[in-house]
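Since this is a predicted model, take the numbers as computed values, not measurements. Just follow the structure's listing: the first ligand is 1, and inside any ligand the first atom is 1.
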Amino acid sequence: MDQKTIFLSNDVKKPVRLEKFRVDNVSRVSRELIKLYAYPIEDWIGSWPHNPTDFTENLGKYAIEVRRLSLEIMEAIVESLGLPPTYSRSSLEKGMHMIVGNKYPQCSPSSNILGLASHTDHTIITILLESMSGLEIMDSNDNNAWKSVPAAGGTLKVLIGNHLEVLSNGLYKSVFHRVTSNAQKSRVSIGSCLSFPMAQMVEPAMELVDEEHPKRYKASSLEEYIKFLSSKADKSYIESLKI
Ligand SMILES: O=C(O)CCC(=O)C(=O)O
Ligand SMILES: [Fe+2]
């Protein structure tokens with residue numbers, strides 16, 4: 001059995017998992033992804049694919065550095081909310097870090113095929129590295145129009161996830177995003193997803209809630225998000241948490 005077949009699975013709790021989304025009559029998306037648990041790295045790196053031979057070494061280095069950067073960015077974000085810079089540090093220390101590699105095949109522009117449909121991430125924050133443009137975000141200040149985010153070589157993009165929206169009681173908003181397809185080239189991206197521990201309930205920081213600013217979101221955990229995914233609800237997850 002080749003490596004790809006070994007890792008193929010749609011069990012979202014598998015620490016190493018490959019999934020392929022093919023265009024059919026229902027789904028108009030085309031994407032291949034690999035999800036890897038990445039923290040604590042020594043617990044997981046041995047089970048990552050070993051082909052190509054430098055895969056674990058290179059991606060392992062990237063995972064450590066991008067997580068360190070995420071923690072620094074989180075310090076700045078919580079400070080911007082008037083909270084101490086170490087706020088949420090211990091939850092993040094015990095939390096989850098997942099690396100997601102995406103490959104979007106080239107597709108004819110007339111086919112109306114997306115790489116990835118509109119969604120918000122469940123994370124606290126996601127950091128994206130991409131080979132070329134293709135990412136679009138929904139601009140709520142402009143009639144929810146889709147705006148292309150230009151790719152500038154070597155830059156990283158930081159996306160706010162659902163659980164930071166909850167933690168900040170809505171002061172930070174998770175961003176709706178999607179990926180278009182490209183007629184000339186296939187596109188690759190690497191997402192770094194930082195979250196609290198699977199079972200930890202995330203709720204608005206008590207310091208941000210008072211009479212004038214009531215609690216706007218229910219508490220929820222990553223585990224509950226995973227259950228929500230299989231519930232086929234017609235609302236988005238973040239909408240389902242709004243009080
Ligand atoms: O490929 C991208 O630029 C975005 C990927 C993404 O949104 C995701 O993996 O959640
Ligand atoms: Fe995303």
Side-chain angles (χ1 to χ4, degrees), residues 7-23 27-39 48 59 62-63 66-67 69-70 73-74 95-107 113-140 144 146-166 172-196 222 225-226 228-230 236-241:
F7 293 119
L8 268 178
S9 168
N10 46 23
D11 173 358
V12 297
K13 280 194 166 176
K14 276 232 159 126
V16 178
R17 182 169 78 83
L18 199 101
E19 198 170 359
K20 290 182 185 182
F21 295 90
R22 296 239 184 274
V23 175
S27 153
R28 305 297 295 164
V29 296
S30 176
R31 169 192 184 215
E32 235 177 81
L33 68 91
I34 183 160
K35 279 201 176 160
L36 304 165
Y37 280 27
Y39 180 77
W48 289 6
L59 193 64
Y62 179 73
V66 76
R67 182 173 175 278
L69 176 66
S70 306
I73 291 173
M74 269 311 288
M96 308 269 300
H97 181 218
M98 209 136 64
I99 294 286
V100 185
N102 298 295
K103 184 172 172 207
Y104 306 93
Q106 63 202 96
C107 289
I113 290 165
L114 284 173
L116 176 55
S118 160
H119 67 285
T120 54
D121 291 350
H122 65 269
T123 54
I124 294 281
I125 56 171
T126 305
I127 296 190
L128 276 177
L129 176 65
E130 58 191 345
S131 64
M132 58 189 272
S133 61
L135 179 70
E136 292 188 338
I137 55 169
M138 190 189 271
D139 186 350
S140 56
N144 290 342
W146 286 105
K147 303 275 170 80
S148 162
V149 186
T155 57
L156 298 169
K157 300 193 164 90
V158 181
L159 304 180
I160 304 296
N162 292 155
H163 276 159
L164 180 55
E165 178 166 343
V166 170
Y172 279 92
K173 292 274 191 297
S174 48
V175 61
F176 270 96
H177 54 287
R178 68 179 190 181
V179 177
T180 56
S181 58
N182 187 287
Q184 270 84 43
K185 276 198 205 164
S186 67
R187 173 177 181 273
V188 280
S189 70
I190 302 177
S192 156
C193 305
L194 191 76
S195 309
F196 282 177
L222 200 51
Y225 166 73
I226 291 172
F228 180 90
L229 281 185
S230 48
S236 69
Y237 178 59
I238 191 73
E239 282 303 320
S240 78
L241 298 179

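Ligand 1 has at least one atom lying under 4.0 Å from a heavy atom of His119. Under a 4.0 angstrom heavy-atom cut-off, Arg187 registers as being in contact with ligand 1.
Listed by number with element, the atoms of ligand 1 under 4.0 Å from a non-hydrogen atom of Val179 are 1 (O), 2 (C), 3 (O), 4 (C). Taking every heavy atom of Asn102 and a limit of under 4.0 angstrom, the matching atoms of ligand 1 come to 1 (O), 5 (C), 9 (O). Residue Tyr104 approaches ligand 1 through these ligand atoms, each under 4.0 Å from one of its heavy atoms: 1 (O), 2 (C), 4 (C), 5 (C). Under a 4.0 Å criterion applied to the non-hydrogen atoms of Leu116, ligand 1 contributes the atoms 5 (C), 6 (C), 7 (O), 8 (C). The contact set between ligand 1 and Arg31, taken as ligand atoms under 4.0 Å from a residue heavy atom, comprises 9 (O).
Scanning both residues, Thr180 and Leu114, for their nearest heavy atoms gives CA-CD2, 4.1 Å.
In summary, of the residues considered (His119, Glu165, His122, His163), a side chain to side chain donor-acceptor pair (under 3.5 Å) with Ser174 occurs for Glu165 alone.
Put simply, the side chain of Glu32 never gets that close to the backbone of Lys20: no donor and acceptor are under 3.5 Å apart.
With respect to the salt-bridge test (charged N to carboxylate O, under 4.0 angstrom), the residues Arg178 and Glu136 qualify.
Under a cut-off of 6.0 angstrom, the local environment of NZ in Lys103 is sparse, with at most 12 non-hydrogen atoms contributed by other residues, nucleotides or ligands. In the displayed structure, Lys185 atom NZ is contacted under 6.0 Å by at most 12 heavy atoms of other residues, nucleotides or ligands.
Atom OG of Ser195 sits about 10.0 Å away from atom CD1 of Ile125, to the nearest 0.5 Å. One finds the SG atom of Cys193 at 11.0 Å from the CG atom of Leu36 (value rounded to the nearest 0.5 Å). Atom CG in Leu159 sits 13.5 Å away from atom CD1 in Ile124 (nearest 0.5 Å). One distance of note links CG of Asp121 with CE of Met98; it measures 10.0 Å at 0.5 Å rounding.
Of all protein N/O/S atoms, those lying under 2.8 Å from the Fe ion (ligand 2) come to 3.
Contact annotation: for Asp121 versus ligand 1, heavy atoms closer than 4.0 Å belong to the side chain alone. For Leu128, every heavy-atom contact with ligand 1 shorter than 4.0 Å involves the side chain, none the backbone.
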